[in-house]
Each structure stands twice: as structure tokens, then as C-alpha cells.
Amino acid sequence: SQIDALTGVLNRRSLLERLDSSCSRARARGLPISLLFIDLDHFKEINDSFGHPAGDACLRAIIGPIQTELRQSDVIGRYGGEEFVVILSSADSAAANPIAQRILERVAGVRVEGFGEPIALTCSIGVASSDTLHVWGEHLIAQADAAVYAAKRSGRNRVQFAMSMAA
């Protein structure tokens, strides 16, 4: 199966396959590609306070709002636990930024009901772009993942761009 059973988006294996093919196409055409690494904030606390069914409901609840901001050519997959990766085809860092900001706002507007008090959600987003980093494929994921941890360290509920180490 290519689909994550819980969320209905691509599973990790399918996501990585799609990333490889998207990068190959982009490089052949001289186009950029950007990744968004989206990590739900305080997910462990949600599971611990409200239970795993609530955590599952939260994961499902953010998919629609994220997909609302994606273009036809974009792809989302579940990378692990509460982590999702979005592949933004033909998007440089300047194009990725407003998409990431809108996703951040959409997720912050989500309230999950049915588990006691409504659960308010936020996410942290790491952005990595081939035009600024000059890396592709899983190297982009690693850069975006590092950026999401920087976003969490600096307070969560924010977008953080991966910075080129060559600077």
C-alpha cells in the first residue's frame, strides 16, 4: 500500500519514492524543489493528556487544512509519528515561504472536539529548498528536519528555513 492508513496521505516509503522522482524531474528541467517538514507541536502531551485516540484524531484533523494550501502538483506524506513532509514541485524558497505560513495559520485554527475540552493545535515547519541549499532528495529532508528542530527550540508554532552551511 502507498497510503498511510490513519491519515490517508502517502506513507513514508511512497513519499520517499515520490521525492526521488520529483527531484530527478526538477533537476533535468533545471527547476527548484522545496520541502516542508511539518511537525505537530506538543503531540506527546496530547497523547498523554487526552489518549491515543485523541492524538490520532489530531493527526487526521490537520490533513485537510494542509491540503487546502497545496497546489495540484504538491504531495504530502506521513514521514513518521506526528511528522509530515510536503513536496513543493517547482517551488523555490520564495514560493515555499507563503505556503508554509498559510499552513501554519490553518493548523493553528484547528480545534479537535470530542475528548473533553477542545484540543487546540499548532505545528512547527522546517523548509528546505534546492535553490538555496543545492541539495536534493533525502538531503533536503535532513535539512528540513534540522530546521523544524530549530523552530521548536525557538518557541514552536513557526516556520524556520534551513540555512546553507556553505555561507
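Source: prediction; values computed, not measured.
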Is there a side-chain contact between [X] and [Y] in this structure, where contact means two heavy atoms from C-beta onward sitting under 4.5 Å apart?
| X | Y | value |
| --- | --- | --- |
| E117 | F50 | yes |
| R106 | I66 | no |
| I87 | L35 | yes |
| I46 | L121 | yes |
| L88 | I33 | no |

Heavy-atom closest pair, residues [X] and [Y]:
| X | Y | result |
| --- | --- | --- |
| G55 | F43 | O-CE1, 3.4 Å |
| A94 | P98 | O-CD, 3.1 Å |
| A128 | L133 | CB-CD1, 3.6 Å |
| L19 | E138 | CD2-N, 4.1 Å |

Checklist entry - Any ring-ring contact (aromatic ring centres under 6.0 Å, His included) pairs touching residues 10-36, not counting sequence neighbours? => result none
Checklist entry - Does any pair with a residue in residues 83-128 pass ring-ring contact (aromatic ring centres under 6.0 Å, His included), and if so which ones, sequence neighbours excluded? => result none
Item to check | Any residue meeting side-chain hydrogen bond (donor to acceptor under 3.5 Å, both in side chains) with S130, in chain and number order, not counting sequence neighbours | outcome: none
Next on the checklist: Strictly by salt bridge (charged side-chain N to carboxylate O under 4.0 Å, His left out), give each pair with a member in residues 85-105 just once, sequence neighbours left out.
Outcome noted: E69-R102
Item to check | salt bridge (charged side-chain N to carboxylate O under 4.0 Å, His left out) partners of residues 124-136, not counting sequence neighbours, each pair once | outcome: none
Measure the spacing between [atom1] of [X] and [atom2] of [Y] and express it to the nearest 0.5 Å.
| X | Y | atom1 | atom2 | answer |
| --- | --- | --- | --- | --- |
| S90 | L31 | OG | CG | 4.5 Å |
| I62 | L40 | CD1 | CG | 5.0 Å |
| I99 | S34 | CD1 | OG | 8.0 Å |
| I103 | L70 | CD1 | CG | 5.0 Å |
| H52 | L59 | NE2 | CG | 11.0 Å |
| L10 | I76 | CG | CD1 | 9.0 Å |

Checklist entry - Yes or no on side-chain contact (heavy atoms from CB on, under 4.5 Å) for I141 and L16, after CA distance, side-chain angles and deciding distance? => result CA-CA 10 Å; I141 290 181; L16 294 175; 3.4 Å; yes
Next on the checklist: Once side-chain hydrogen bond (donor to acceptor under 3.5 Å, both in side chains) is applied, what residue pairs with a partner in residues 13-32 remain, sequence neighbours excluded?
Outcome noted: N11-S14
Item to check | Residue pairs fulfilling side-chain hydrogen bond (donor to acceptor under 3.5 Å, both in side chains) with at least one residue in residues 73-82, sequence neighbours excluded | outcome: D4-R78, R12-Y79, R71-D74
Checklist entry - Does E113 have any side chain to side chain contact (heavy atoms under 4.5 Å, CB included) partners at least two apart in sequence or in another chain, and if so, which? => result R111, P118
Next on the checklist: Once side chain to side chain contact (heavy atoms under 4.5 Å, CB included) is applied, do any residues pair with N97, and if so which ones, sequence neighbours excluded?
Outcome noted: Q101, V159, F161
Next on the checklist: Any side-chain to backbone donor/acceptor pair from S93 onto S129? Under 3.5 Å, distance only.
Outcome noted: no
Only pairs under 3.5 Å count here: list side-chain donor-acceptor contacts from residues 144-154, not counting sequence neighbours, and write none if there are none.
residue: K152; atom: NZ; partner: D39; partner atom: OD1; Å: 3.4
residue: K152; atom: NZ; partner: D41; partner atom: OD1; Å: 2.7
residue: S154; atom: OG; partner: A150; partner atom: O; Å: 2.9
residue: S154; atom: OG; partner: A151; partner atom: O; Å: 3.3

Item to check | salt bridge (charged side-chain N to carboxylate O under 4.0 Å, His left out) against E83, all qualifying residues, sequence neighbours excluded | outcome: none
Item to check | Pairing residues for D48 by the salt bridge (charged side-chain N to carboxylate O under 4.0 Å, His left out) criterion, not counting sequence neighbours | outcome: K44
